[in-house]
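The figures that follow rest on heavy atoms only: side chains count, while hydrogens, waters and symmetry mates do not. Source: prediction; values computed, not measured. Order of the sequence lines fixes the chain letters, A, B, ..., with proteins taken first and strands second; residue numbering starts at 1 for each chain.
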Protein chains: 2
Amino acid sequence: MDEKTRPGPKRSLTAEQIVDVALELFDGEAPSIRGVAAKLGVRPNTLYTYLPDRGAMERALVDRFLAMADPDLLVGRRVWRRRVEDYACALRSVLLGHPGAAALLHTAPIDGPTAALVGERLLAVFTSAGLSTADAARSTYAVIVHVLGSATLTAADLRGGTEADIVAARLEMVIDPGFLPLTAAAWPVVATWNTEEQFRWSLRTLLNGCVDAR
Amino acid sequence: MDEKTRPGPKRSLTAEQIVDVALELFDGEAPSIRGVAAKLGVRPNTLYTYLPDRGAMERALVDRFLAMADPDLLVGRRVWRRRVEDYACALRSVLLGHPGAAALLHTAPIDGPTAALVGERLLAVFTSAGLSTADAARSTYAVIVHVLGSATLTAADLRGGTEADIVAARLEMVIDPGFLPLTAAAWPVVATWNTEEQFRWSLRTLLNGCVDAR
DNA sequence: CCGATCTCTGTACGGTGTGCAATGTTGTCC
DNA sequence: GGACAACATTGCACACCGTACAGAGATCGG
């Protein structure tokens, strides 16, 4: 609230600027401290005035990624399942749009302000759907797990190309029906494991289970 | 099959030995090439005779971790839900027992032999439960996502202590009911998000949804 | 103006993965 | 048995990385 005036030279940067260029330089994984500093025209050590260590930069990036999926998708007049699904798909898109972002989410506890807001709104959705407080909380966690887990797995798989490429490549593989008969039979579906369609199916299935809990 | 005899000196190591000590040295993350080499009494470059790069070592580690949860838990005469649950909990335990292992699973596609076997058996479980081939495949993926996603999230959270510690710490936090009323109300449950109990609840909920698909 | 306080820099340390040329061992073939 | 090719291993080197530490200079309150 109060801009405390302090002795010493003015700061030439802000923490936000640092995260900005970190995001700009993000490419599969968080950029190096030295890289960010170079882009800012500053010696690497300078960043330690604003961040305790590299991990802090990564944590800040995590919250930035989270904030890229509009949490407002969780509110509105649409039916509750739709709201969850829309938000989940939006977050998935963000994470897949920045390969490595999903993996970064698993680096440290997710406790930023955006995460808190999303949690609150998911609780609201499930409460409005008729679940008890406890079941709403458990369902919230289950949904988070599904979205992040799925996004991370498919991000790892998608490193080799687009969704369509991966499906096509999978389809061309031949599974020995002697060793893995069921896998071979199910292969056309297995090949689509990393598609948005499968993502939506799993999510709907999970939500079905959640409302069963009522 | 045939031990092709080649010119050149005998190899002093095997790829398996390397993975052995990599596993032994594993501590939160995959050990460095140099560390493994030192433990083997060999110069770092030597390892490149057996592995193309560091990533290969990590991929080998992934399959080792996967193999630590007995896939036989997925077969037997017990009711199918019990088999899935037992295996899932076993895998979760393995991953939580080696912090960082879960995150490693998200580094690259999971396509080792153990993964294939687990997939096949999950398909068998769901087929025996009456699901169509397609639904069994989709359910298999949903379960994998849940187990890996959940284990990874709680592994990240558990870095600060045991399960009980984390729950206790969470419970002591005070959530402002003005900003996050539902979160505040649900906090006693939210605090247990990383427990095995929540894991089982989510899994059972997901399985409920899967059988709804019949 | 003085001293406290702060930012930023120079330098340095110990670490990482891995490419390349040299060394020496081992097998196959004449 | 000797020549030769293939190979494992090494020493050295490069280009990075995160970050600790001491000092120089700027900026404030008094």
Check your understanding: Within a radius of less than 6.0 Å around CZ of A/Arg82, do more than 12 heavy atoms belonging to other residues, nucleotides or ligands occur?
Key ->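 No, not enclosed.
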Point to revise | Heavy-atom neighbours of B/Arg200 CZ exceed 12 at 6.0 Å | key: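 Yes.
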Between [X] (side chain only) and [Y] (backbone N and O only), is there a donor and an acceptor less than 3.5 Å apart?
X: B/Arg159; Y: B/Gly28; answer: no
X: B/Trp187; Y: B/Arg170; answer: yes
X: A/Tyr50; Y: A/Leu13; answer: yes
X: A/Tyr141; Y: B/Gln198; answer: no

Check your understanding: Which residue pairs pass the side-chain hydrogen bond (donor to acceptor under 3.5 Å, both in side chains) test with at least one member in residues 142-155 of chain A, sequence neighbours excluded?
Key ->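 Every pair satisfying side-chain hydrogen bond (donor to acceptor under 3.5 Å, both in side chains) with a residue in residues 142-155 of chain A: A/His106-A/Thr152.
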Point to revise | Chi angles and distances behind the side chain to side chain contact (heavy atoms under 4.5 Å, CB included) call for A/Leu122, A/Ile144 | key: CA-CA 9 Å; A/Leu122 277 173; A/Ile144 293 170; 4.1 Å; yes
Check your understanding: How many angstroms lie between atom CG of B/Leu40 and atom CD1 of B/Ile18, to the nearest 0.5 angstrom?
Key ->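 Output value for this atom pair is 6.5 Å.
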Practice item. Send over the distance from A/Leu51 CG to D/dG18 P, rounded to a whole Å. Key: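 To the nearest whole Å, that distance equals 12 Å.
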Review point. Given atom OH of A/Tyr48 and atom P of D/dA20, what is their separation to the nearest angstrom?
Key: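 Spelled out: OH on A/Tyr48 to P on D/dA20 is 7 Å.
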Protein-nucleotides 6-8 of chain D N/O pairs under 3.5 Å:
{"residue": "D/dC7", "atom": "O3'", "partner": "B/Arg6", "partner atom": "NH1", "Å": "3.4"}
{"residue": "D/dA8", "atom": "OP1", "partner": "B/Arg11", "partner atom": "NE", "Å": "2.7"}
{"residue": "D/dA8", "atom": "OP1", "partner": "B/Arg11", "partner atom": "NH2", "Å": "2.7"}

Point to revise | Side chains of B/Arg43 and B/Thr46 in contact at under 4.5 Å (non-hydrogen atoms) | key: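 Yes, their side chains come closer than 4.5 Å.
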**Study point:** side chain to side chain contact (heavy atoms under 4.5 Å, CB included) against A/Asp53, all qualifying residues, sequence neighbours excluded
**Key:**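 If we apply the side chain to side chain contact (heavy atoms under 4.5 Å, CB included) test to A/Asp53, skipping adjacent residues, the hits are A/Ala56, A/Arg59.
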Check your understanding: In chain order, what residues pass the side chain to side chain contact (heavy atoms under 4.5 Å, CB included) check against A/Ala116, with sequence neighbours excluded?
Key ->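 By the side chain to side chain contact (heavy atoms under 4.5 Å, CB included) rule, A/Ala116 matches B/Leu180.
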Point to revise | Net bend of the helix from C/dC1-D/dG30 to C/dC30-D/dG1, end axes of five pairs each, nearest 10 degrees | key: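 Between the axes fitted at each end of the helix from C/dC1-D/dG30 to C/dC30-D/dG1 lies an angle of 0°.
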Point to revise | Any residue meeting side-chain hydrogen bond (donor to acceptor under 3.5 Å, both in side chains) with B/Thr183, in chain and number order, not counting sequence neighbours | key: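 Checked B/Thr183 against side-chain hydrogen bond (donor to acceptor under 3.5 Å, both in side chains); matches are A/Glu120.
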Point to revise | Short N-O contact, A/Glu85 and A/Arg81, less than 4.0 angstrom | key: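 Judged by the 4.0 Å cut-off on N to carboxylate O distance, A/Glu85 and A/Arg81 do not form a salt bridge.
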Check your understanding: Can you list every salt bridge (Lys or Arg N to Asp or Glu O under 4.0 Å) pair that touches residues 20-29 of chain B, not counting sequence neighbours?
Key ->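 Found B/Asp20-B/Arg64, B/Glu24-B/Lys39.
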Point to revise | Strand contacts (DNA chain C) in residues 14-24 of chain B, 4.0 angstrom heavy-atom criterion | key: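 Heavy-atom contacts with DNA chain C come from no residue of residues 14-24 of chain B; none.
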Check your understanding: Which residues, if any, of residues 28-36 of chain B bring a heavy atom under 4.0 Å of DNA chain C?
Key ->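 Those residues whose heavy atoms fall under 4.0 Å from DNA chain C, taken from residues 28-36 of chain B in numerical order, are B/Ser32, B/Ile33, B/Arg34.
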Exercise for review: Classify the angle between the aromatic ring planes of A/Phe65 and A/His98 as parallel (below 30°), tilted (30 to 60°) or perpendicular (above 60°).
Suggested key: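 Rings of A/Phe65 and A/His98: tilted, 30 to 60°.
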Practice item. Extract, from 5' to 3' on DNA chain C, the first and final nucleotides lying under 4.0 angstrom from some heavy atom of chain B. Key: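 Under 4.0 Å from chain B, the extent on DNA chain C is C/dT16 to C/dT28.
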Point to revise | Any residue meeting ring-ring contact (aromatic ring centres under 6.0 Å, His included) with B/Tyr87, in chain and number order, not counting sequence neighbours | key: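 So B/Tyr87 forms no ring-ring contact (aromatic ring centres under 6.0 Å, His included) with any residue.
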Distances under 3.5 Å between nitrogen or oxygen atoms of protein and nucleotides 21-23 of chain D:
none

